[in-house]
J.: 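Shown below is the structure under consideration.
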Protein chains: 2
Amino acid sequence: MKKVKVNGKTCIGPTQSQPEIILLKKRIKQSTDEIKNLSLLFKIAGTETALKILYLLSIERELCVCDMAEILEMNVSAISHQLKRLSLFRLVTSERRGRTIFYSLRKNQFNEYLKGLFAIIDEVYEGTNNSSIFTTK
Amino acid sequence: MKKVKVNGKTCIGPTQSQPEIILLKKRIKQSTDEIKNLSLLFKIAGTETALKILYLLSIERELCVCDMAEILEMNVSAISHQLKRLSLFRLVTSERRGRTIFYSLRKNQFNEYLKGLFAIIDEVYEGTNNSSIFTTK
DNA sequence: TTTTTATTTGAATAATTGTTCAAATATAAT
DNA sequence: ATTATATTTGAACAATTATTCAAATAAAAA
(Lines give C-alpha, C1' and ligand atoms only; values in the text may rest on other atoms or scores of the structure.)
Protein backbone atom coordinates (compact mmCIF):
# COMPACT_ATOMS: atom_id res chain seq x y z
CA MET A 1 0.00 0.00 0.00
CA LYS A 2 2.90 2.35 0.62
CA LYS A 3 4.30 4.30 -2.31
CA VAL A 4 7.73 3.12 -3.26
CA LYS A 5 9.99 4.59 -5.89
CA VAL A 6 11.24 1.83 -8.16
CA ASN A 7 14.88 2.52 -9.09
CA GLY A 8 14.37 6.09 -7.90
CA LYS A 9 11.70 6.63 -10.52
CA THR A 10 8.47 8.34 -9.65
CA CYS A 11 6.52 5.99 -11.88
CA ILE A 12 6.89 2.65 -13.58
CA GLY A 13 4.65 2.70 -16.63
CA PRO A 14 5.39 2.47 -20.37
CA THR A 15 7.39 5.69 -20.58
CA GLN A 16 10.85 6.70 -21.72
CA SER A 17 13.74 4.35 -21.20
CA GLN A 18 15.99 4.91 -18.23
CA PRO A 19 18.99 5.99 -20.36
CA GLU A 20 16.76 8.53 -22.11
CA ILE A 21 15.63 9.92 -18.76
CA ILE A 22 19.22 10.21 -17.62
CA LEU A 23 20.15 12.02 -20.83
CA LEU A 24 17.32 14.53 -20.43
CA LYS A 25 18.26 15.07 -16.80
CA LYS A 26 21.78 15.85 -17.91
CA ARG A 27 20.67 18.27 -20.60
CA ILE A 28 18.36 20.10 -18.23
CA LYS A 29 21.16 20.38 -15.70
CA GLN A 30 23.52 21.75 -18.34
CA SER A 31 21.15 24.47 -19.39
CA THR A 32 19.29 25.32 -16.19
CA ASP A 33 21.16 28.58 -15.73
CA GLU A 34 20.42 29.77 -19.24
CA ILE A 35 16.79 28.69 -18.98
CA LYS A 36 16.57 30.51 -15.66
CA ASN A 37 17.92 33.71 -17.23
CA LEU A 38 15.63 33.36 -20.19
CA SER A 39 12.66 32.90 -17.90
CA LEU A 40 13.64 36.04 -15.98
CA LEU A 41 13.60 37.96 -19.25
CA PHE A 42 10.17 36.58 -20.10
CA LYS A 43 9.02 37.35 -16.58
CA ILE A 44 9.63 41.05 -17.14
CA ALA A 45 7.72 40.97 -20.40
CA GLY A 46 5.10 39.06 -18.47
CA THR A 47 4.62 42.00 -16.14
CA GLU A 48 1.78 44.05 -17.54
CA THR A 49 3.15 47.44 -16.51
CA ALA A 50 6.62 46.70 -17.86
CA LEU A 51 5.20 45.46 -21.15
CA LYS A 52 3.07 48.61 -21.42
CA ILE A 53 6.16 50.73 -20.89
CA LEU A 54 7.92 48.86 -23.68
CA TYR A 55 4.88 49.32 -25.87
CA LEU A 56 4.83 53.08 -25.23
CA LEU A 57 8.54 53.35 -26.00
CA SER A 58 7.99 51.49 -29.25
CA ILE A 59 5.63 54.29 -30.27
CA GLU A 60 7.39 57.28 -28.75
CA ARG A 61 11.19 57.20 -29.05
CA GLU A 62 11.71 58.63 -25.58
CA LEU A 63 9.51 59.33 -22.61
CA CYS A 64 10.11 60.62 -19.10
CA VAL A 65 9.03 58.73 -15.98
CA CYS A 66 6.44 61.29 -15.13
CA ASP A 67 4.72 61.20 -18.52
CA MET A 68 4.61 57.40 -18.48
CA ALA A 69 2.96 57.54 -15.07
CA GLU A 70 0.47 60.04 -16.42
CA ILE A 71 -0.27 57.97 -19.54
CA LEU A 72 -0.61 54.70 -17.66
CA GLU A 73 -2.47 56.41 -14.84
CA MET A 74 -0.13 54.95 -12.28
CA ASN A 75 2.07 55.98 -9.41
CA VAL A 76 5.40 57.49 -10.52
CA SER A 77 7.18 55.23 -8.10
CA ALA A 78 5.62 52.10 -9.55
CA ILE A 79 6.82 53.12 -13.01
CA SER A 80 10.26 53.88 -11.69
CA HIS A 81 10.54 50.45 -10.11
CA GLN A 82 9.60 48.75 -13.36
CA LEU A 83 12.01 50.94 -15.31
CA LYS A 84 14.76 49.84 -12.99
CA ARG A 85 14.05 46.18 -13.76
CA LEU A 86 13.87 46.92 -17.47
CA SER A 87 17.13 48.77 -17.21
CA LEU A 88 18.83 45.92 -15.35
CA PHE A 89 17.93 43.59 -18.18
CA ARG A 90 19.11 46.15 -20.70
CA LEU A 91 15.74 46.55 -22.31
CA VAL A 92 15.78 50.32 -21.82
CA THR A 93 18.35 53.08 -21.46
CA SER A 94 18.02 56.46 -19.87
CA GLU A 95 19.41 59.92 -20.37
CA ARG A 96 19.07 62.77 -17.92
CA ARG A 97 18.35 66.26 -19.22
CA GLY A 98 18.02 68.70 -16.40
CA ARG A 99 15.86 67.12 -13.75
CA THR A 100 14.01 64.99 -16.23
CA ILE A 101 15.14 61.51 -17.12
CA PHE A 102 14.19 60.23 -20.54
CA TYR A 103 13.94 56.52 -21.15
CA SER A 104 14.11 54.79 -24.49
CA LEU A 105 14.20 51.29 -25.93
CA ARG A 106 17.62 49.71 -26.14
CA LYS A 107 18.41 48.14 -29.46
CA ASN A 108 18.55 44.40 -29.05
CA GLN A 109 16.97 41.26 -30.44
CA PHE A 110 14.31 40.86 -27.83
CA ASN A 111 13.06 44.40 -28.30
CA GLU A 112 12.97 43.86 -32.04
CA TYR A 113 10.87 40.77 -31.47
CA LEU A 114 8.53 42.74 -29.21
CA LYS A 115 8.22 45.53 -31.76
CA GLY A 116 7.06 42.96 -34.28
CA LEU A 117 4.41 41.73 -31.84
CA PHE A 118 3.30 45.27 -31.04
CA ALA A 119 2.91 45.93 -34.76
CA ILE A 120 0.57 42.96 -34.96
CA ILE A 121 -1.43 44.38 -32.06
CA ASP A 122 -1.68 47.75 -33.79
CA GLU A 123 -2.85 46.20 -37.04
CA VAL A 124 -5.98 45.12 -35.24
CA TYR A 125 -6.94 48.76 -34.83
CA GLU A 126 -5.93 49.76 -38.32
CA GLY A 127 -8.43 47.42 -39.87
CA THR A 128 -5.77 45.17 -41.38
CA ASN A 129 -6.82 42.45 -39.03
CA ASN A 130 -9.65 42.23 -36.58
CA SER A 131 -9.44 39.10 -34.54
CA SER A 132 -7.95 39.00 -31.10
CA ILE A 133 -4.43 37.66 -31.11
CA PHE A 134 -2.32 36.02 -28.39
CA THR A 135 -5.62 34.84 -27.00
CA THR A 136 -4.73 31.30 -27.75
CA LYS A 137 -6.48 30.76 -24.43
CA MET B 1 3.65 73.03 -0.30
CA LYS B 2 0.84 70.66 -1.15
CA LYS B 3 1.12 68.55 -4.26
CA VAL B 4 -1.30 69.69 -6.91
CA LYS B 5 -1.91 68.13 -10.29
CA VAL B 6 -1.76 70.82 -12.95
CA ASN B 7 -4.36 70.07 -15.62
CA GLY B 8 -4.63 66.60 -14.21
CA LYS B 9 -0.97 66.00 -15.03
CA THR B 10 1.34 64.33 -12.55
CA CYS B 11 4.19 66.63 -13.50
CA ILE B 12 4.74 69.91 -15.28
CA GLY B 13 8.25 69.83 -16.68
CA PRO B 14 9.58 69.93 -20.26
CA THR B 15 7.97 66.69 -21.36
CA GLN B 16 5.61 65.61 -24.11
CA SER B 17 2.89 67.95 -25.27
CA GLN B 18 -0.58 67.45 -23.85
CA PRO B 19 -2.05 66.28 -27.22
CA GLU B 20 0.77 63.70 -27.48
CA ILE B 21 -0.04 62.44 -23.97
CA ILE B 22 -3.70 62.14 -24.86
CA LEU B 23 -2.85 60.24 -28.04
CA LEU B 24 -0.66 57.77 -26.15
CA LYS B 25 -3.33 57.31 -23.51
CA LYS B 26 -5.78 56.47 -26.26
CA ARG B 27 -3.45 53.99 -27.93
CA ILE B 28 -2.73 52.26 -24.64
CA LYS B 29 -6.44 52.01 -23.92
CA GLN B 30 -7.09 50.55 -27.36
CA SER B 31 -4.54 47.82 -26.94
CA THR B 32 -4.62 47.09 -23.22
CA ASP B 33 -6.47 43.81 -23.70
CA GLU B 34 -4.01 42.54 -26.29
CA ILE B 35 -1.06 43.67 -24.20
CA LYS B 36 -2.58 41.94 -21.21
CA ASN B 37 -2.96 38.70 -23.16
CA LEU B 38 0.55 38.97 -24.50
CA SER B 39 1.89 39.53 -21.01
CA LEU B 40 0.04 36.44 -19.80
CA LEU B 41 1.76 34.42 -22.51
CA PHE B 42 5.14 35.80 -21.48
CA LYS B 43 4.29 35.15 -17.88
CA ILE B 44 4.02 31.44 -18.58
CA ALA B 45 7.34 31.44 -20.38
CA GLY B 46 8.61 33.41 -17.41
CA THR B 47 7.78 30.53 -15.11
CA GLU B 48 10.92 28.47 -14.75
CA THR B 49 9.18 25.12 -14.49
CA ALA B 50 6.92 25.80 -17.47
CA LEU B 51 9.86 26.92 -19.58
CA LYS B 52 11.79 23.81 -18.60
CA ILE B 53 8.85 21.68 -19.69
CA LEU B 54 8.81 23.44 -23.06
CA TYR B 55 12.54 22.93 -23.32
CA LEU B 56 12.20 19.21 -22.64
CA LEU B 57 9.44 18.90 -25.21
CA SER B 58 11.61 20.65 -27.76
CA ILE B 59 14.13 17.84 -27.34
CA GLU B 60 11.80 14.88 -26.86
CA ARG B 61 8.71 14.95 -29.08
CA GLU B 62 6.46 13.62 -26.36
CA LEU B 63 6.79 13.00 -22.66
CA CYS B 64 4.44 11.85 -19.93
CA VAL B 65 3.77 13.82 -16.77
CA CYS B 66 5.52 11.31 -14.62
CA ASP B 67 8.73 11.30 -16.62
CA MET B 68 8.86 15.08 -16.65
CA ALA B 69 8.49 15.07 -12.87
CA GLU B 70 11.29 12.53 -12.65
CA ILE B 71 13.56 14.52 -14.99
CA LEU B 72 12.92 17.86 -13.31
CA GLU B 73 13.03 16.24 -9.88
CA MET B 74 9.71 17.74 -8.95
CA ASN B 75 6.34 16.79 -7.62
CA VAL B 76 4.06 15.23 -10.25
CA SER B 77 1.30 17.56 -9.17
CA ALA B 78 3.43 20.66 -9.70
CA ILE B 79 4.17 19.52 -13.24
CA SER B 80 0.55 18.78 -13.88
CA HIS B 81 -0.48 22.27 -12.77
CA GLN B 82 2.04 23.87 -15.11
CA LEU B 83 0.96 21.59 -17.95
CA LYS B 84 -2.58 22.77 -17.45
CA ARG B 85 -1.54 26.39 -17.82
CA LEU B 86 0.53 25.55 -20.89
CA SER B 87 -2.41 23.68 -22.30
CA LEU B 88 -4.82 26.59 -21.68
CA PHE B 89 -2.53 28.83 -23.70
CA ARG B 90 -2.28 26.18 -26.39
CA LEU B 91 1.44 25.75 -25.99
CA VAL B 92 1.13 21.99 -25.49
CA THR B 93 -1.30 19.23 -26.45
CA SER B 94 -1.87 15.92 -24.83
CA GLU B 95 -2.84 12.43 -25.85
CA ARG B 96 -3.86 9.66 -23.54
CA ARG B 97 -2.59 6.13 -24.17
CA GLY B 98 -3.80 3.79 -21.51
CA ARG B 99 -3.32 5.46 -18.16
CA THR B 100 -0.42 7.52 -19.38
CA ILE B 101 -0.90 10.98 -20.83
CA PHE B 102 1.69 12.16 -23.29
CA TYR B 103 2.27 15.84 -23.79
CA SER B 104 3.87 17.47 -26.78
CA LEU B 105 4.58 20.93 -28.16
CA ARG B 106 1.79 22.49 -30.17
CA LYS B 107 2.86 23.92 -33.47
CA ASN B 108 2.56 27.69 -33.27
CA GLN B 109 4.67 30.80 -33.76
CA PHE B 110 5.58 31.28 -30.14
CA ASN B 111 6.86 27.73 -29.78
CA GLU B 112 8.89 28.15 -32.97
CA TYR B 113 10.42 31.28 -31.46
CA LEU B 114 11.23 29.40 -28.26
CA LYS B 115 12.79 26.52 -30.19
CA GLY B 116 15.10 29.04 -31.79
CA LEU B 117 16.13 30.34 -28.38
CA PHE B 118 16.63 26.83 -27.03
CA ALA B 119 18.87 26.07 -29.99
CA ILE B 120 21.02 29.06 -29.02
CA ILE B 121 21.19 27.74 -25.47
CA ASP B 122 22.28 24.33 -26.70
CA GLU B 123 25.00 25.78 -28.90
CA VAL B 124 26.75 26.95 -25.76
CA TYR B 125 27.30 23.33 -24.79
CA GLU B 126 28.25 22.21 -28.25
CA GLY B 127 31.23 24.51 -28.30
CA THR B 128 29.82 26.67 -31.09
CA ASN B 129 29.52 29.47 -28.63
CA ASN B 130 30.63 29.76 -25.05
CA SER B 131 29.40 32.97 -23.54
CA SER B 132 26.35 33.19 -21.39
CA ILE B 133 23.36 34.49 -23.28
CA PHE B 134 20.17 36.23 -22.10
CA THR B 135 22.27 37.48 -19.23
CA THR B 136 21.94 40.98 -20.43
CA LYS B 137 21.70 41.60 -16.74
C1' DT C 1 19.99 79.51 0.13
C1' DT C 2 15.50 77.95 -0.08
C1' DT C 3 11.91 76.07 -2.74
C1' DT C 4 10.06 73.42 -6.46
C1' DT C 5 10.03 69.59 -9.57
C1' DA C 6 11.59 64.90 -11.13
C1' DT C 7 13.14 60.75 -9.93
C1' DT C 8 14.91 57.03 -7.01
C1' DT C 9 15.06 54.14 -3.07
C1' DG C 10 13.84 50.86 0.58
C1' DA C 11 10.57 49.20 3.67
C1' DA C 12 5.81 47.78 4.27
C1' DT C 13 1.76 46.17 2.38
C1' DA C 14 -1.21 43.89 -0.75
C1' DA C 15 -1.76 40.78 -4.26
C1' DT C 16 -0.46 37.09 -6.93
C1' DT C 17 1.44 32.82 -7.91
C1' DG C 18 3.99 28.22 -7.51
C1' DT C 19 4.15 24.17 -4.90
C1' DT C 20 2.55 20.71 -1.75
C1' DC C 21 -0.80 17.81 0.14
C1' DA C 22 -4.74 14.89 0.25
C1' DA C 23 -8.42 13.32 -2.16
C1' DA C 24 -10.70 12.24 -6.58
C1' DT C 25 -10.79 10.28 -11.21
C1' DA C 26 -9.48 7.20 -14.81
C1' DT C 27 -7.48 3.25 -16.81
C1' DA C 28 -5.41 -1.19 -16.62
C1' DA C 29 -3.94 -5.31 -14.27
C1' DT C 30 -4.82 -8.97 -10.96
C1' DA D 1 -14.43 -6.61 -7.81
C1' DT D 2 -10.17 -5.15 -5.99
C1' DT D 3 -5.67 -3.26 -6.40
C1' DA D 4 -2.09 -0.57 -8.63
C1' DT D 5 -0.58 3.19 -11.48
C1' DA D 6 -1.01 7.82 -13.76
C1' DT D 7 -2.92 12.00 -13.67
C1' DT D 8 -5.89 15.78 -12.19
C1' DT D 9 -7.98 18.79 -8.97
C1' DG D 10 -8.78 22.21 -5.33
C1' DA D 11 -7.58 23.96 -1.00
C1' DA D 12 -3.82 25.45 1.99
C1' DC D 13 0.56 27.13 2.43
C1' DA D 14 4.83 29.32 1.24
C1' DA D 15 7.13 32.25 -1.57
C1' DT D 16 7.44 35.82 -4.63
C1' DT D 17 6.39 40.12 -6.59
C1' DA D 18 3.98 44.59 -7.77
C1' DT D 19 2.51 48.68 -5.77
C1' DT D 20 2.24 52.22 -2.34
C1' DC D 21 4.15 55.22 0.92
C1' DA D 22 7.48 58.19 2.99
C1' DA D 23 11.87 59.76 2.81
C1' DA D 24 16.13 60.73 0.16
C1' DT D 25 18.61 62.55 -3.79
C1' DA D 26 19.38 65.58 -7.68
C1' DA D 27 18.89 69.42 -10.53
C1' DA D 28 16.92 73.81 -11.58
C1' DA D 29 14.31 77.96 -10.42
C1' DA D 30 13.24 81.64 -7.30
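Below, each value reflects all heavy atoms present in this structure, side chains not excepted, and no hydrogens, waters or symmetry copies. In what follows, chains are A, B, ... by sequence order, proteins preceding strands, each numbered from 1.
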J.: Going by the ring-ring contact (aromatic ring centres under 6.0 Å, His included) test, which pairs reach into residues 45-76 of chain B, not counting sequence neighbours?
T.: Tyr55(B)-Phe118(B)
J.: Output all residues satisfying salt bridge (Lys or Arg N to Asp or Glu O under 4.0 Å) with Lys26(A), sequence neighbours left out; order by chain, then residue number.
T.: none
J.: Leu51(A) CG to dA18(D) P: how many Å, rounded?
T.: 13 Å
J.: When the distance from CG of Leu83(A) to C1' of dA6(C) is rounded to whole Å, what number comes out?
T.: 13 Å
J.: Taking OP1 and OP2 of dT8(D), is either one under 4.0 Å from a side-chain nitrogen or oxygen of Lys84(B)?
T.: no
J.: Holding to salt bridge (Lys or Arg N to Asp or Glu O under 4.0 Å), I want the full list of residues that pass it with Lys43(B), two or more places apart in sequence or in another chain.
T.: none
J.: Output yes when at least one side-chain N/O atom of Tyr103(A) is less than 4.0 Å from OP1 or OP2 of dT8(C), else no.
T.: yes
J.: Given atom CD of Glu70(B) and atom C1' of dT5(D), what is their separation to the nearest angstrom?
T.: 15 Å
J.: Considering residues at least two apart in sequence or located in another chain, which fulfil the salt bridge (Lys or Arg N to Asp or Glu O under 4.0 Å) criterion with Glu62(B)?
T.: Arg97(B)
J.: Using the salt bridge (charged side-chain N to carboxylate O under 4.0 Å, His left out) rule, collect all pairs that involve residues 76-85 of chain A, keeping only residues at least two apart or in two chains.
T.: none
J.: Could you tell me the separation between the CD atom of Gln82(B) and the CG atom of Leu72(B), rounded to the nearest 0.5 Å?
T.: 10.5 Å
J.: Write down the distance between CD1 (Ile53(A)) and C1' (dT7(C)), rounded to a whole number of angstrom.
T.: 13 Å
J.: Given atom CZ of Phe102(B) and atom P of dT8(D), what is their separation to the nearest angstrom?
T.: 12 Å
J.: Rounded to the Å, how far apart are Asp67(A) CG and dA6(C) P?
T.: 9 Å
J.: Any chance you could list the contact pattern along nucleotides 17-30 of chain C? Use B for base contacts, S for sugar-phosphate-only contacts and - for none, protein heavy atoms under 4.0 Å, 5' to 3'.
T.: SSBBB-----BSS-
J.: Without decimals, in angstroms, what is the distance between Ile101(A) CD1 and dT8(C) C1'?
T.: 8 Å
J.: Measure CG/Leu88(A) against C1'/dT8(C) and give the value in whole Å, please.
T.: 13 Å
